[in-house]
Amino acid sequence: MINVRAQPDLGSGILGVLNQGEAVTVLAEHGEFVRLRTPGGTEGYLKHKYLLNYAGPRPAPVAPPPVAAPATPPVEIYRSPYPAVPLAGTPTRSPVSSVPPPPMTFLTTGAGAGIQFTAGVGSAFSSQSREGLRRDLAREGYAGEVDKLDRAVPGGFLRVGYGLSAPWKVEVALSYIDDFDVYLSSTALTPITLAQSVEDHAPASGFGLAPTLGYGWNWPGSAMTLRAGGYFSLGNETQVRLNGRPLDVDYQTHSWLAGVSWETAGDSGIWYGLDLQVMDLNELAGLVAVSLRWGN
């Protein structure tokens, strides 16, 4: 290998390196140096004594007799067994790994431990109807009508979850279901057990705690969780009126709870989702909500 310099001087800077056998183009002569162009396009200086098939500096031109131009001998290409040193300024390339990349996974069972906070607002629905409640009360001695029974009321929840070994997590939610108001009317003597009958058959409302165990799946940008557990009301807020007068009905209830949620990743680590919970608040009820979740 031989250095290509910036000036026709052995003390000048090195622009690059030529390997033995590489073909160059001579541009000009400078005494014992020549200006040349390398195969990579770099122009610099080199002593002409290191060039093969080069006749050296040409003498002063004279009028030679006309002769046929000699055929240019072929240039022998020599491949050096040593690695070539890159020219100055040439970026080095990282070696290409022969190990194939791991396959992409589209479905995983979630991350490890972590805390999640989820807030949801929506509507709660009861399976109990006015006619159904009237029949239930009539079987227990009530002779009257059910003038009003809410079937859908506002509801919401605030849930805190903690990830266990993936994909399991434990959750505790504070839920609120607005009043399922019940208005009754009767011209007959109402039995003293009416309050207890309403307590057994009218849907409960108010605040409640719901501890659950969740199992989750993750896709790129989305997640789904199935949960099961219990629901414990902290005090009923259903308003019950008989012939326009309040009926003292104050009770608590507990129930199983099952639910499913589907979430989509948003900006700033927020997940948007739909949440469905089903429970038995004296009658089958469901809470459907849109939710926002923070946490991994």
- Query: V172 and T212: side chain to side chain contact (heavy atoms under 4.5 Å, CB included), yes or no, with the steps?
  - Reply: CA-CA 6 Å; V172 176; T212 55; over 6 Å; no
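- Closest of all the heavy-atom pairs between S127 and R151 is O-NH2, 3.9 Å.
- Taking the side chain as every heavy atom from C-beta outward, R134 and R139 never approach each other to under 4.5 Å.
- The backbone N or O of A188 lies less than 3.5 Å from a partner atom in the side chain of S186, making a donor-acceptor pair.
- Using a 4.5 Å cut-off between side-chain heavy atoms of Ile, Leu, Val, Met, Phe, Trp and Tyr, with links allowed through other members, V153 and M279 fall into the same hydrophobic cluster.
- Residues R5 and L15 fail the side-chain proximity criterion, which asks for heavy atoms closer than 4.5 Å.
- Side-chain contact between L276 and L287 is absent, with no heavy-atom pair separated by less than 4.5 Å.
- Under a hydrophobic-cluster definition in which Ile, Leu, Val, Met, Phe, Trp and Tyr are linked whenever side-chain heavy atoms come within less than 4.5 Å, directly or via other members, V249 and L281 are assigned to different clusters.
- Applying the side-chain hydrogen bond (donor to acceptor under 3.5 Å, both in side chains) criterion to S185, with sequence neighbours excluded, gives D147.
- In plain terms, the two heavy atoms of I177 and A124 that are nearest each other are CG2-CB, 3.7 Å.
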(Q) Using the rule given for side chain to side chain contact (heavy atoms under 4.5 Å, CB included), can you reason through V24 versus V4, listing the C-alpha separation, both sets of side-chain angles and the distance that settles it, and then say yes or no? (A) CA-CA 11 Å; V24 300; V4 177; over 6 Å; no
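- Residues A23 and P39 come closest through the heavy atom pair O-CG, 3.2 Å.
- The closest donor-acceptor contact from the side chain of D9 to the backbone of G11 lies under 3.5 Å.
- Atom OG1 of T225 and atom CH2 of W217 lie 8.5 Å apart (nearest 0.5 Å).
- Distance CG/L46 to CG/N3: 9.0 Å, rounded to 0.5 Å.
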Practice item. Please assess T238 against S205 for the test side-chain hydrogen bond (donor to acceptor under 3.5 Å, both in side chains), listing each intermediate value before the final yes or no. Key: CA-CA 6 Å; T238 297; S205 63; 3.1 Å; yes
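- There is a path of hydrophobic side-chain contacts, each under 4.5 Å, that joins Y142 to L247.
- Side-chain polar atoms of S291 and T118 form no donor-acceptor pair below 3.5 angstrom.
- In summary, the side chains of S197 and E140 do present a donor paired with an acceptor at a separation below 3.5 Å, with no hydrogens or angles considered.
- Interatomic distance, F180 CZ to N282 CG, rounded to the nearest 0.5 Å: 11.0 Å.
- Nearest heavy-atom pair across A289 and G120 is CB-C, 4.1 Å.
- The line from CG of L174 to CZ of F207 is 6.0 Å long, rounded to the nearest 0.5 Å.
- Aromatic rings from W262 and W219 are positioned such that their centres are separated by under 6.0 Å.
- No donor-acceptor pair under 3.5 Å is formed between the side chain of R130 and the backbone N or O of L149.
- Cluster annotation: Y50 and V34 are assigned to the same hydrophobic cluster (Ile/Leu/Val/Met/Phe/Trp/Tyr, side-chain heavy-atom contacts under 4.5 Å, transitive).
- Taking the six-membered ring wherever Trp is involved, the centroid distance between the rings of W168 and Y215 falls below 6.0 Å.
- Looking at heavy atoms from C-beta onward, D275 lies out of side-chain contact with V290 at the 4.5 angstrom threshold.
- For the pair E32/K49, no side-chain contact is recorded, criterion being any heavy-atom separation below 4.5 Å from C-beta on.
- Scanning all heavy atoms of the two residues, the minimum distance from H201 to L137 falls at CD2-CD2, 4.5 Å.
- Of the N and O atoms on the side chains of Y54 and E29, at least one donor lies less than 3.5 Å from an acceptor on the other residue.
- In this structure the side chain of L27 reaches within 4.5 angstrom of the side chain of R37, judged on heavy atoms.
- Two rings, from Y231 and H254, have their centers 6.0 Å or more apart.
- Nearest heavy atom pair, residue Y272 against residue G266, reads CE1-CA, 3.6 Å.
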task = Verify side chain to side chain contact (heavy atoms under 4.5 Å, CB included) between R159 and R227, making sure each step is shown before the conclusion.
result = CA-CA 12 Å; R159 180 187 298 131; R227 56 182 53 88; 3.6 Å; yes
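- Between the CG atom of L36 and the OH atom of Y45 there is a distance of 9.5 Å, given to the nearest 0.5 Å.
- The pair R293-E263 meets the salt-bridge criterion, with a side-chain N (NZ, NE, NH1 or NH2) lying under 4.0 Å from an Asp/Glu carboxylate O.
- Between H48 and H30, every side-chain heavy-atom pair lies at or beyond the 4.5 Å cut-off.
- Side-chain contact check for E237 and Y176: at least one donor-acceptor pair (N or O, by modelled atom type) lies under 3.5 Å.
- T253 is listed as a side-chain neighbour of S233, based on a closest heavy-atom distance under 4.5 Å.
- W294 CH2 to I115 CD1: the interatomic distance, rounded to the nearest 0.5 Å, is 15.0 Å.
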What verdict does the side chain to side chain contact (heavy atoms under 4.5 Å, CB included) test give for V17 and I2, after you've listed the backbone C-alpha separation in whole Å, the side-chain angles of each residue and the deciding distance to 0.1 Å? CA-CA 6 Å; V17 176; I2 192 70; over 6 Å; no
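- Under 3.5 Å, the side chains of Q128 and D136 contain a donor-acceptor pair of N or O atoms.
- Listed for the D150 side chain is a donor-acceptor partner under 3.5 Å among the backbone atoms of D181.
- In terms of hydrophobic clustering, with Ile, Leu, Val, Met, Phe, Trp and Tyr side chains grouped at heavy-atom distances under 4.5 Å, V170 and M224 are assigned to a common cluster.
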